[in-house]
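Everything on this sheet refers to the single structure shown next.
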There are 2 protein chains.
Amino acid sequence: MKHTSSLADSRLRDIGKRVTSQRRIVMDILASAEGHLDASEIYERARQANATLSLATVYRTLKALCENGVVRQLHLAGERHHYELDREDRHAHLVCSVCGRIWEVDSTSLSRAARAAGREFGFQVTAARMEVVGVCASCRNELGQEK
Amino acid sequence: MKHTSSLADSRLRDIGKRVTSQRRIVMDILASAEGHLDASEIYERARQANATLSLATVYRTLKALCENGVVRQLHLAGERHHYELDREDRHAHLVCSVCGRIWEVDSTSLSRAARAAGREFGFQVTAARMEVVGVCASCRNELGQEK
DNA sequence: GAGTTAGTTGCGAATGATTCGCATGTGCAT
DNA sequence: ATGCACATGCGAATCATTCGCAACTAACTC
Ligand SMILES: [Mn+2]
Ligand SMILES: [Mn+2]
Ligand SMILES: [Zn+2]
Ligand SMILES: [Zn+2]
């Protein structure tokens, strides 16, 4: 059973990278994730598939994929970065500042506005990120009770 | 000449922090900066005013100010964080991925959209950040010549 | 104005995420 | 099948940020 995750394979070939089992594993994890994993979460899951896959390889893979537009690095909050496949749909992230959970919202209009803003500065927009921070409904409830 | 930067002083009192010369220095730097300094840039400038002010104090001051909404921490790109006074005007940041320079664009409409998106999730929006990444006009010119 | 004390600072050590160096392993073009 | 540039694993190195603790000091009290 030569697990030929053709999705990952072709993406790797497209960007001129060799197809290795490690890269396949990392990409499959990103593809099947609900989204927004950080490096060590990816690492943990990856080890279930290959117990010797190293953290350095996770980072190297993520970097290569980011540099080639396959993956997006998110700077949501805190120290560690999160990663997601660069899907085509524009979306912003809602970050709950209490529990840290993350929601995605469509943002076609936001990115349209971003592009317009960029044009005004002679800026060639390649990416528009938006992070909305707040308190989610359930955390607001709990906070209310404590008080 | 007791340099009584009343602006910084009252802000500090408002948030229940003691007024120290170190905090005044850091806040004055942020106030007079064109914007978006990282911790070590603040540190360097601070040392011109007080040669023994420590980097730890810079970080501690920034953290206290962030926690009290006086300063905003930006996650623009790369490893280090940038800081700016939490001015009232909503603005997004245009980050040139080549030279790293940063422009600010007004974003009232963006933040209105953010708030709407949040409402849809029962989210109480406390902050909306947007980062637009691209290539600035001058970098685009230089890239063109190299090729 | 001196006394008291909790909040601050400086300094160096500790952390924790991310990156490197290098010896070993392996895709893949021929 | 062979060769070699590219990848990986492992541990050490970086680098931003945080801590621990002893020495200060702002601000409150008399
Ligand atoms: Mn960040
Ligand atoms: Mn700004
Ligand atoms: Zn929450
Ligand atoms: Zn530029």
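Lettering of chains follows the sequences in order, A, B, ..., and the numbering in each one begins at 1.
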Whole-Å distance between [N] [atom2] and [X] [atom1]?
{"X": "Leu62(B)", "N": "dT8(C)", "atom1": "CG", "atom2": "C1'", "result": "15 Å"}
{"X": "Leu53(A)", "N": "dG25(C)", "atom1": "CG", "atom2": "P", "result": "17 Å"}
{"X": "Lys63(A)", "N": "dA17(C)", "atom1": "NZ", "atom2": "P", "result": "18 Å"}
{"X": "Leu37(A)", "N": "dT18(C)", "atom1": "CG", "atom2": "P", "result": "13 Å"}
{"X": "His81(A)", "N": "dT19(C)", "atom1": "NE2", "atom2": "C1'", "result": "13 Å"}
{"X": "Leu55(B)", "N": "dA16(D)", "atom1": "CG", "atom2": "C1'", "result": "9 Å"}
{"X": "Leu76(A)", "N": "dA17(C)", "atom1": "CG", "atom2": "P", "result": "16 Å"}
{"X": "Asp9(B)", "N": "dA26(D)", "atom1": "CG", "atom2": "C1'", "result": "12 Å"}

Would you say [N] has OP1 or OP2 under 4.0 Å from some side-chain N or O of [X]?
{"X": "Thr57(A)", "N": "dG9(D)", "result": "yes"}
{"X": "Thr52(B)", "N": "dT9(C)", "result": "no"}
{"X": "Tyr59(B)", "N": "dT17(D)", "result": "yes"}
{"X": "Gln22(A)", "N": "dG9(D)", "result": "yes"}

Task: Thr20(B) side chain near Ile25(B) side chain, heavy-atom distance below 4.5 Å - done: no
Task: Of Arg80(B) and Arg60(B), the one whose closest DNA chain D nucleotide lies more 5' - done: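 Looking at DNA chain D, the more 5' nearest nucleotide goes with Arg80(B).
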TODO: Starting from the 5' end of DNA chain C, give me the residue, Val19(A) or Ala56(B), whose nearest nucleotide shows up first.
DONE: Ala56(B)
- [ ] Assert yes or no for the condition that the ring centre distance of His36(B) to His93(B) is strictly below 6.0 Å.
- [x]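 Here the rings of His93(B) and His36(B) have centres that are less than 6.0 Å from each other.
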Task: Hydrophobic cluster identity match, Leu12(B) and Ile42(B), side-chain contacts under 4.5 Å - done: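 Yes, one cluster joins them.
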Open item on the list: Walk me through whether Glu41(B) and Arg80(B) qualify under salt bridge (Lys or Arg N to Asp or Glu O under 4.0 Å).
Closed with: CA-CA 11 Å; Glu41(B) 288 168 336; Arg80(B) 45 183 67 180; over 6 Å; no
Task: Shortest side-chain distance from Arg18(B), nucleotide among dC19(D), dA26(D), dC6(D) - done: dA26(D)
Open item on the list: With a 3.5 Å distance limit and no angle check, can you tell me whether Arg45(B) reaches the backbone of Leu30(B) through a side-chain donor-acceptor pair?
Closed with: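 Looks like no, no N/O pair under 3.5 Å.
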